[in-house]
Amino acid sequence: MLPFDRKPWAKAIAATVITLSFIGAIWLAFYLHSSESLHPPEIVMIFLLLLTIVPPNCAVLMRKPGEEIPPAQTHLGHTR
């Protein structure tokens, strides 16, 4: 799924990325609010940014140690 998501340090990195993403989003929202420029488009932008960062990293955190990723069955119309 993500590069190097099978390495022993991947869960620590994924947890750090999730934590820093939420801290950054909260800081950005407070900054935009204090400068009176927090409008619905900015709120949607922050939500979409979190939506692209958090779910792949949650998948790395929730994976069990022995769980295998199923191989891709097709690539450009060819069966492996």
Side-chain angles (χ1 to χ4, degrees):
M1 191 182 298
L2 293 174
F4 307 111
D5 63 349
R6 293 291 182 180
K7 299 292 183 184
W9 41 263
K11 288 191 178 198
I13 296 292
T16 303
V17 167
I18 291 171
T19 304
L20 291 177
S21 298
F22 277 112
I23 291 171
I26 291 168
W27 179 85
L28 179 61
F30 278 129
Y31 174 76
L32 291 173
H33 180 69
S34 69
S35 64
E36 297 179 4
S37 62
L38 184 63
H39 304 296
E42 285 81 10
I43 295 170
V44 170
M45 178 214 39
I46 293 170
F47 173 74
L48 291 176
L49 184 64
L50 287 175
L51 193 62
T52 60
I53 295 172
V54 173
N57 288 297
C58 281
V60 172
L61 287 177
M62 296 173 63
R63 183 174 299 130
K64 295 177 183 71
E67 184 179 346
E68 289 294 324
I69 300 173
Q73 298 298 320
T74 59
H75 178 68
L76 298 175
H78 301 287
T79 307
R80 291 184 187 191

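We number each residue from 1, following the sequence as shown.
Here the side chains of Leu38 and Tyr31 are not in contact, with every heavy-atom distance at 4.5 Å or above.
One distance of note links CH2 of Trp27 with CG of Leu32; it measures 8.5 Å at 0.5 Å rounding. Between the CD1 atom of Ile23 and the CG atom of Leu28 there is a distance of 13.5 Å, given to the nearest 0.5 Å.
Other residues sharing a hydrophobic cluster with Leu51 under the 4.5 Å side-chain heavy-atom criterion for ILVMFWY residues are Val44, Phe47, Leu48. In the hydrophobic clustering (ILVMFWY side chains linked at under 4.5 Å, chained through shared members), Phe30 is joined by Ile26.
Hydrophobic clustering (side-chain heavy atoms under 4.5 Å, transitive across Ile, Leu, Val, Met, Phe, Trp, Tyr) keeps Ile46 apart from Leu49. Cluster annotation: Ile53 is not connected to Met45 through the hydrophobic network of ILVMFWY side chains, with a link wherever side-chain heavy atoms come within less than 4.5 Å. Note: the hydrophobic cluster containing Leu20 does not contain Val17 (ILVMFWY, side chain heavy atoms under 4.5 Å, direct or indirect links).
Here the closest heavy-atom approach between residue Val60 and residue Ala10 is recorded as CG1-O, 3.9 Å. Across Leu61 and Lys11, no two heavy atoms sit closer than the pair CD2-O, 3.3 Å.
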